Structures are given as structure tokens and as C-alpha cells.
Amino acid sequence: MAGCRGSLCCCCRWCCCCGDRETRTPEELTILGETQEEEDEILPRKDYESLDYDRCINDPYLEVLETMDNKKGRKYEAVKWMMVFAIGVCTGLVGLFVDFFARLFTQLKFGVVQTSVEECSQKGCLALSLLELLGFNLTFVFFASLLVLIEPVAAGSGIPEIKCYLNGVKVPGIVRLRTLLCKVFGVLFSVAGGLFVGKEGPMIHSGAVVGAGLPQFQSISLRKIQFNYPYFRSDRDKRDFVSAGAAAGVAAAFGAPIGGTLFSLEEGSSFWNQGLTWRVLFCSMSATFTLNFFRSGIQFGSWGSFQLPGLLNFGEFKCSDSDKKCHLWTAMDLGFFVAMGVIGGLLGATFNCLNKRLAKYRMRNVHPKPKLVRVLESLLVSLVTTVVVFVASMVLGECRQMTSAAQVGNDSIPLQVTSEDVNSSIKTFFCPNETYNDMATLFFNPQESAILQLFHQDSTFSPVTLALFFVLYFSLACWTYGISVPSGLFVPSLLCGAAFGRLVANVLKSYIGLDHIYSGTFALIGAAAFLGGVVRMTISLTVILIESTNEITYGLPIMITLMVAKWTGDFFNKGIYDIHVGLRGVPLLEWETEVEMDKLRASDIMEPNLTYVYPHTRIQSLVSILRTTVHHAFPVVTENRGNEREFMKGNQLISNNIRFKKSSILTRAGEQRRRSQSMKSYPSSELRNMCDEHVTSEEPGEKEDLLQQMLERRYTPYPNLYPDQSPSEDWTMEERFRPLTFHGLILRSQLVTLLVRGVCYSESQSSASQPRLSYAEMAEDYPRYPDIHDLDLTLLNPRMIVDVTPYMNPAPFTVSPNTHVSQVFNLFRTMGLRHLPVVNAVGEIVGVITRHNLTHEFLQARLRQHYQTL
């Protein structure tokens with residue numbers, strides 16, 4: 001079973017780490033492209049399509065290239081750099097907005113409730129304080145849930161969806177302006193509502209939306225916002241800007257521009273180049289320093305000081321000057337860090353498994369019901385979380401002695417962290433002077449303040465308190481992730497792991513007697529171990545944590561811990577984001593295929609049943625094809641007939657198709673004649689003589705198309721089928737799959753655009769009389785092209801003919817039927833393809849490969865069929 005290995009599967013199946021055998025709902029069965037009865041596994045859905053990252057080099061695009069020169073190329077590059085700078089600045093401002101109002105609402109809530117608790121602790125009216133806290137939290141969460149009802153894609157962190165987008169999958173609505181607004185306002189209400197969620201994950205999604213929308217200078221949600229801006233009207237440019245925006249979101253969240261750049265590279269981008277790397281890094285830097293500039297000025301009044309690099313600031317890790325035995329970490333500690341990595345991987349796998357179970361339960365029992373049920377679920381989670389936080393803070397905490405550093409200012413913490421985020425966040429509920437309530441200090445504070453307490457508070461936390469806090473927080477965070485509110489997972493995972501690391505440090509200090517260890521380091525390693533076990537990121541997360549701590553000496557232990565946590569977690573299941581991608585049925589392509597998949601070839605996985613168009617096709621046929629199929633691209637083909645000259649008599653449509661085929665097939669003799677003619681223009685008399693000799697020596701019979709002769713000898717004539725006729729059920733297999741010469745690919749959006757704009761000619765006219773569209777006109781409706789079902793057929797003459805050859809891609813990437821799957825996979829993923837035609841040795845198309853033919857599930861099914869045929 002997927003996700004389980006070795007003898008530990010029995011245990012994991014009992015604790016639901018590997019249990020996937022559940023009944024699939026009828027709703028899921030209707031949206032899945034395939035079903036698999038043996039294993040209850042959600043297979044990739046057929047309604048997801050790839051982005052058009054590959055350029056369509058057609059005539060309108062070539063006309064644009066003809067007008068391009070070095071000056072225009074430099075201008076285009078300069079505009080790109082200005083765009084990524086604007087994306088970084090806007091992403092930083094979005095982070096500033098979320099942080100400012102989330103802090104404002106949180107401080108207002110805790111200020112009112114804390115005053116009430118202090119008054120009611122003597123009067124015995126703590127129930128009133130609980131009701132006040134419930135009132136605040138339920139109101140904020142209710143608003144967050146309502147925003148998700150407006151735009152359901154705004155739920156969650158958005159990282160799985162952005163990962164899919166960077167992988168090349170077109171996720172509907174993921175980068176719309178309405179999604180950004182619902183995400184931004186929803187996440188600040190979620191955080192202010194006391195849910196165990198973070199605002200750092202949604203910042204990545206927000207940055208990606210800014211990157212997708214800003215260079216377009218138009219909005220679908222606000223249709224009045226539209227400028228005549230000719231640049232970046234393609235999925236290729238948009239996907240590059242989304243990469244920059246996602247990286248800027250990471251940089252703004254953690255103050256880690258390099259980590260943001262690596263995040264875009266590691267978490268899905270199947271394309272990359274040096275120029276894009278520089279632009280993404282520049283965008284990340286712009287976001288980091290924009291947020292830093294405004295936060296430092298607003299919070300400390302020191303404009304231009306750059307003291308707060310990100311939304312989550314870990315502070316400086318430094319031993320107290322009074323403790324001479326303290327070291328941040330030693331070589332002996334690496335063994336403990338490896339063990340913590342193993343435990344973090346196990347905890348992360350358990351977290352992912354439980355959350356997957358909850359997500360499946362929601363798919364079956366919550367999502368099919370009225371939308372109000374999702375709001376009620378969010379309110380229920382908020383209610384339980386609030387009660388647990390309040391009761392645990394008041395009842396389960398222990399009064400711990402404050403250190404002198406905590407009373408007058410901790411020397412191990414920089415100024416901007418000390419005064420506001422650590423000492424002022426200590427809670428003394430029901431504790432005498434010089435002591436504090438350790439459970440209330442962790443629970444009754446914003447999560448960022450609780451993380452700083454675990455990282456930098458010299459006073460001890462009770463092991464019992466840390467264990468209880470970890471169990472309660474782990475359970476509630478797992479339950480919360482997936483409800484219908486915008487929510488991030490980075491901060492909850494860091495806080496949960498920091499409690500685990502601080503617990504390990506307490507045990508080593510108190511029970512083993514290792515006085516040299518620094519508790520803050522173990523809290524950081526614990527946070528890294530748990531977060532790595534949940535999300536399974538390695539390179540980017542290592543750099544993000546190093547940049548957040550501003551301590552390069554932590555590089556080795558963090559890297560080792562994350563690697564061990566990932567390997568341990570991968571032994572049982574996937575990362576949390578990959579799990580949710582799988583639950584959505586998104587056909588995500590991994591970095592590479594498994595070794596045994598090379599037993600398959602392109603002919604084993606391609607789709608041979610094709611829907612195609614001819615170079616010259618009647619409007620009647622195009623409308624029929626577009627309305628009866630859901631394909632997003634169609635091969636442009638001509639048929640191979642033995643009696644073509646008879647067909648050409650008296651039928652202009654067939655004559656045009658045959659002439660196009662003959663003119664487009666390249667032969668060695670024809671190419672040599674063309675080169676000879678061009679060489680005659682040279683002034684050298686020797687070249688002219690050589691060309692003349694070659695031309696005169698040609699035999700008249702060689703003027704015949706050699707490839708066509710071979711095709712005519714190989715295939716018998718096929719029935720007299722006109723290009724505007726549909727296949728018949730009475731056809732034989734040979735007739736249905738007759739040989740077709742491949743000439744190019746044309747997209748559905750291009751065909752619909754041609755029909756909408758009336759690009760056609762009558763049978764009595766030449767195809768040269770057909771109107772021509774420019775590149776700008778073809779891309780004018782991007783990214784929302786008109787739908788064929790919205791087309792008014794009364795405005796079209798069904799007998800008119802459309803010449804699609806100027807608008808098709810005449811030279812797409814193709815593969816041979818004998819190409820191994822690993823080569824097909826690498827070509828498809830690396831080049832960001834959407835359709836990959838399979839063409840045989842004589843230029844005939846025999847099938848098409850799409851993203852769905854390269855998913856792990858599809859390849860596994862084909863491999864099983866391959867074994868059965870052996």
C-alpha cells in the first residue's frame with residue numbers, strides 16, 4: 001500500500017498512518033477520471049490542464065519577432081525587472097497590512113480579556129472572562145469563514161495550490177484578485193480569532209497572486225480595471241512572475257530572500273534559468289526590505305533602521321554572559337539532534353496521517369452538505385480551541401520562578417525582541433510575585449510570542465507543562481488545518497516543535513545533568529525537526545531558518561535535522577502539502593520517474609484515439625469538434641491517400657489540404673534545390689556553376705515527392721472521406737486509425753478566437769483572402785478566452801472554411817513511439833509542455849501524451865499491464 005514500507009506497516013495501519021482503505025463517495029467518483037477498486041486511492045482528475053509554458057511559434061508570433069531588435073529586447077527586459085520590483089514592494093505591503101491588523105486585533109482581544117481575568121480572579125467571575133474571549137474569537141473566525149464562502153480557493157495556506165501552479169497545472173481561480181482579498185482579510189481574522197494557524201503560509205499564496213495579476217494590469221473580478229498593456233500576455237511570462245511572487249511571500253514572511261528563491265525552485269518549479277534566478281532574488285529582496293522598512297518605522301519610530309526583517313522574527317541566539325559553561329551547540333549535541341530528527345519525522349508522519357484522515361472525512365461528510373456546515377465546523381473548532389486555551393491557562397499551569405534577566409531585560413535577546421515580545425508577554429495568572437504561569441505564557445499569547453518564549457526565555461518551563469502543551473497543541477493544530485478558513489502551518493509547526501525541543505532540553509538538563517546545553521538551540525532544532533517532518537522541505541527550509549536566526553553556525557545541525565526528519569517521515573507517508581495535492585486529484589509531476597518505469601515506452605502510455613483537424617476545415621466541423629470534446633489542443637493533420645489527384649478534382653477544400661501537405665513536407669532533394677537557388681545569388685562564378693551543374697544533373701523523376709511515393713506504396717487507398725465528415729461507427733479499425741501526416745498543433749483557445757473573430761473564407765475564394773489576426777489580437781482575451789458554448793452560431797456560415805495553418809504551432813516538441821518513459825517525462829516536465837505528440841519515422845502522428853499520461857498512478861497502471869502481457 002502507498003506510503004507504507006517494511007514491518008512497521010502493521011503498527012502504522014493501526015494508528016492510521018498507512019490506512020487508506022475507505023469508501024469513496026459518489027461525489028468523488030464523478031470527478032475522478034479513473035477508479036481503482038483494489039485500493040481506495042484518489043486518482044488524478046481529468047479536468048485539470050497544464051499551463052502553456054511552451055511558446056507557440058506561429059505566424060503572428062513570427063511577425064512580432066520580425067519587428068524585434070536589440071533595443072526592444074532590452075526594453076522588454078527592463079520592464080520585467082521593473083515588474084518584479086513592483087511585485088516585491090506590493091507583497092511586502094500586503095505582509096505589512098496583515099501583520100499590522102492581526103497585531104491590532106490580537107492586542108485588543110488579549111488586553112480586554114487579561115484585564116477581565118485579573119479582575120475576576122478576585123471576584124470569582126472567570127466565566128465572564130471566558131465568554132468575552134469566546135465572543136472575540138467566534139466573531140473573528142465567523143468573518144474568516146464567510147470570506148472563504150465567497151472564494152473557496154482562499155481556504156488553507158494556498159501552498160499546495162501554488163506548488164501545483166509552479167509545477168505547470170492550471171488551478172482555477174488560484175491567482176485571482178478576489179482570491180487575494182479573501183485570503184488577506186481572512187488570514188488576519190483567523191489569526192486574531194485565536195485559531196492555531198499562521199499567517200506566513202498564506203503570505204506565499206498572496207505573493208503569488210500579486211505576481212500573477214500585477215503585470216497584467218487588468219482584473220477579472222474588477223472588470224473596469226483594464227489598461228492597454230501589450231506585455232506578458234502568456235502563461236510563460238505569468239508563471240515566471242508567480243515564481244517571483246511566491247518567493248517574495250516567503251521572504252516577507254521570514255525575512256529570508258535567499259530561502260524564498262530556493263523555495264520557488266524546490267517546491268515545484270519545473271523550469272529555471274539564470275535570468276529568472278536573478279529576478280526572483282531581486283523580487284525577494286524588494287519584499288524583505290519593504291516590509292522591514294515600514295515595520296521598523298511603525299513599531300520603533302526609527303525609519304530606515306531595518307530592524308525587523310520578516311513577519312516572524314526569531315531573535316538572536318546568544319548565551320548569557322553570566323553562564324561561562326554555555327555553548328550554543330557542541331559536536332556531542334549532534335547525536336541528540338539526529339535523534340530529535342528521527343522523532344520529529346515520526347511526529348510529522350503521524351500529524352500528516354491524522355490530518356489526511358480528517359480531510360477525507362470532510363470530503364465525505366462536510367463538503368457535500370450546505371456551505372453553512374463548513375462555517376459551523378470552523379466555529380466548533382474555534383469554540384473548542386478557546387475553551388482549551390482558557391482552561392489550560394487557568395488550571396494546568398505551574399508557577400515558575402523568574403530569573404533576574406527576565407525581570408530587568410534578557411541580555412540574550414536584541415532590543416526589538418526583548419522589551420515587547422518576551423518580557424511583556426509573561427503571564428502571571430494566579431501566581432505570586434517573582435513568578436509566572438508557564439502554561440498561560442505559552443497559550444495566552446500570540447503564537448509568535450510563544451515561540452520567542454521557548455527560544456529565549458531563560459526561566460524554566462515545567463516538563464509536565466511542556467508535555468501537556470505539546471499534546472494539546474498538536475491535536476488542535478491537526479484538527480484546525482483543513483477547515484474553511486485561510487490558515488498557515490509554518491508557525492503552528494514551529495511552536496509545536498519548539499515545545500518538543502525545549503522539553504528535550506529540560507530532560508537533558510534536569511535528569512541527565514548536561515548543564516552545558518543551551519535550551520534555545522534545542523527549541524530551534526525541535527522546531528526544525530517537527531516542521532521538516534510535516535512539510536518535508538530540506539534545502540529551502542534550511543536556508544529560511546538560518547536567515548531567520550541570523551546565525552550561520554546553526555547551518556549544520558539544522559540541515560542534518562531536516563534531512564533525518566524528511567527521510568524518517570518519507571518512510572511512512574508524503575509531506576502534508578503533497579497529501580493535500582493528492583486529495584484534490586491534481587496531476588502533479590514529480591522530479592523524476594522511478595527506475596522501473598523505463599520498461600515502458602511512449603507508445604505504451606500515449607493516447608492513440610485522436611481528435612484532429614485539417615489545415616483547411618469547415619466551420620461546421622470545427623464547432624462540432626469543439627462542442628463535443630473537452631480536448632484543449634488538436635493535431636493538424638492531412639490524410640495519406642493513393643489517389644489524391646482524383647480527390648483534388650472539383651473540390652476546393654480537399655485540394656487546399658492536399659496542396660498544403662505537399663508544400664509542407666520537406667525532402668532532401670527539395671531542400672537542396674532551395675539552397676542551390678539561394679547560392680546563385682552569390683557573386684562567385686564558381687558557386688553559380690556548381691549550382692547549375694547540380695540542377696541540370698537532376699533526373700525529372702526526382703521532382704516527385706519521395707516520401708509521398710513511399711506512403712502510397714505502403715498504404716492502400718482509404719474511403720473517400722471529406723475533411724468535414726465525422727467518423728462513422730461502421731468504420732473498420734484501419735479506417736478509424738488511418739495514417740495521418742502530422743503538421744502541427746492548434747489550441748482550443750486559438751480555434752475559438754478564430755471563430756469569434758470571423759477568420760474564414762468561402763469555397764469560391766482563395767485561402768489568401770482569409771482575414772489575418774495579429775499576435776495582440778490573438779492574446780487579447782488572455783487569460784479568459786471565450787467559450788465555444790457562448791458562441792452565437794447564427795452569425796456563422798457553417799459552409800465557410802477556416803485556414804488554421806497560420807495560427808498553429810508547426811514545430812512542437814515531439815517524440816518517437818520508441819522513446820523511453822524517463823526521456824518523455826524529463827522532456828515534458830523540463831520544457832513545461834502541455835501536449836506532446838508521438839510521431840513515427842515517416843511523419844505520421846500515432847498518439848498524444850499529456851500530463852495525465854505521466855502521473856505516477858497512470859504509469860503504475862500501465863506497468864502492471866506491461867507485466868501481464870509478458
Side-chain angles (χ1 to χ4, degrees), residues 1-7 9-10 12-13 18-24 28-48 50 570-574 578 581-583 585-611 631 727 729 731-740 814-829 833 835-841 844-870:
M1 184 176 294
C4 295
R5 297 176 180 85
S7 61
C9 265
C10 297
C12 291
R13 194 175 291 117
C18 295
D20 290 336
R21 298 186 182 275
E22 296 177 359
T23 304
R24 190 180 295 121
E28 291 174 342
L29 287 173
T30 59
I31 63 175
L32 299 181
E34 299 182 26
T35 58
Q36 188 171 347
E37 298 179 357
E38 298 87 5
E39 299 178 5
D40 180 30
E41 183 179 357
I42 297 180
L43 300 180
R45 289 164 45 176
K46 296 290 187 181
D47 54 343
Y48 283 110
S50 298
D570 285 344
F571 191 80
F572 300 102
N573 51 30
K574 295 182 178 180
D578 291 325
V581 167
L583 290 175
V586 180
L588 194 73
L589 299 184
E590 301 295 336
W591 281 101
E592 57 187 10
T593 59
E594 297 176 353
V595 177
E596 62 177 351
M597 294 303 172
D598 255 352
K599 298 175 182 177
L600 301 175
R601 299 176 185 267
S603 56
D604 297 321
I605 65 172
M606 69 181 185
E607 175 54 56
N609 196 5
L610 304 176
T611 302
H631 305 306
E729 294 182 358
W731 285 2
T732 64
M733 183 66 67
E734 289 75 13
E735 292 169 341
R736 185 176 295 275
F737 293 91
R738 58 190 181 278
L740 302 168
T814 60
V815 293
S816 163
N818 296 321
T819 309
H820 289 277
V821 162
S822 61
Q823 296 172 292
V824 175
F825 187 91
N826 292 335
L827 175 65
F828 194 98
R829 193 185 194 281
L833 303 183
H835 306 89
L836 184 58
V838 182
V839 180
N840 65 15
E844 298 168 355
I845 184 169
V846 293
V848 171
I849 294 173
T850 65
R851 172 175 293 269
H852 301 279
N853 301 109
L854 293 172
T855 58
H856 178 74
E857 294 79 5
F858 186 89
L859 294 178
Q860 285 283 3
R862 287 292 182 266
L863 188 62
R864 285 195 294 268
Q865 293 180 4
H866 173 74
Y867 286 141
Q868 292 173 0
T869 57
L870 292 179

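Quantities reported herein were computed from a predicted structural model and do not represent experimental measurements. Only this structure's heavy atoms are used, side chains among them; waters, hydrogens and symmetry mates stay out.
- Taking OG1 from Thr819 and CG from Leu827, the interatomic distance works out to 9.0 Å, rounded to the nearest 0.5 Å.
- Of all the heavy atoms in Glu596 and Leu863, the pair that sits closest is CD-CD2, 3.5 Å.
- Asn853 places a side-chain N or O within 3.5 Å of a backbone atom of Ile605 that can act as its donor or acceptor partner.
- Here the shortest heavy-atom pairing between Phe825 and Leu854 reads CE1-O, 3.7 Å.
- Taking all atoms of both residues into account, the shortest heavy-atom contact from Phe828 to Thr850 is CZ-C, 3.8 Å.
- Between the CE atom of Met606 and the CD1 atom of Ile845 there is a distance of 9.5 Å, given to the nearest 0.5 Å.
- Not a single donor-acceptor pair under 3.5 Å links the side chain of Asn826 to the backbone N or O of Gln823.
- If you take CD1 on Ile849 and CZ on Phe858, they are separated by 9.0 Å, rounding to the nearest 0.5 Å.
- Considering CZ of Arg864 and CD of Gln860, their distance stands at 6.5 Å, rounded to 0.5 Å.
- The shortest non-hydrogen separation linking Thr855 to Pro587 is CG2-CB, 3.5 Å.
- Distance OG/Ser822 to CZ/Arg601: 10.5 Å, rounded to 0.5 Å.
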*Tell me, with the steps shown, if Thr593 and Val824 meet side chain to side chain contact (heavy atoms under 4.5 Å, CB included).*
CA-CA 10 Å; Thr593 59; Val824 175; over 6 Å; no
*For the pair His866 and Lys599, evaluate side chain to side chain contact (heavy atoms under 4.5 Å, CB included) and give the outcome as yes or no after the intermediate values.*
CA-CA 8 Å; His866 173 74; Lys599 298 175 182 177; 4.1 Å; yes
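- Between Ser816 and Ala602 the shortest heavy-atom distance is O-CB, 3.5 Å.
- Between Leu588 atom CG and Asp578 atom CG the span is 6.5 Å, to the nearest 0.5 Å.
- Side-chain atoms of Arg829 never come within 3.5 Å of backbone atoms of Glu592 as a donor-acceptor pair (strictly under, hydrogens ignored).
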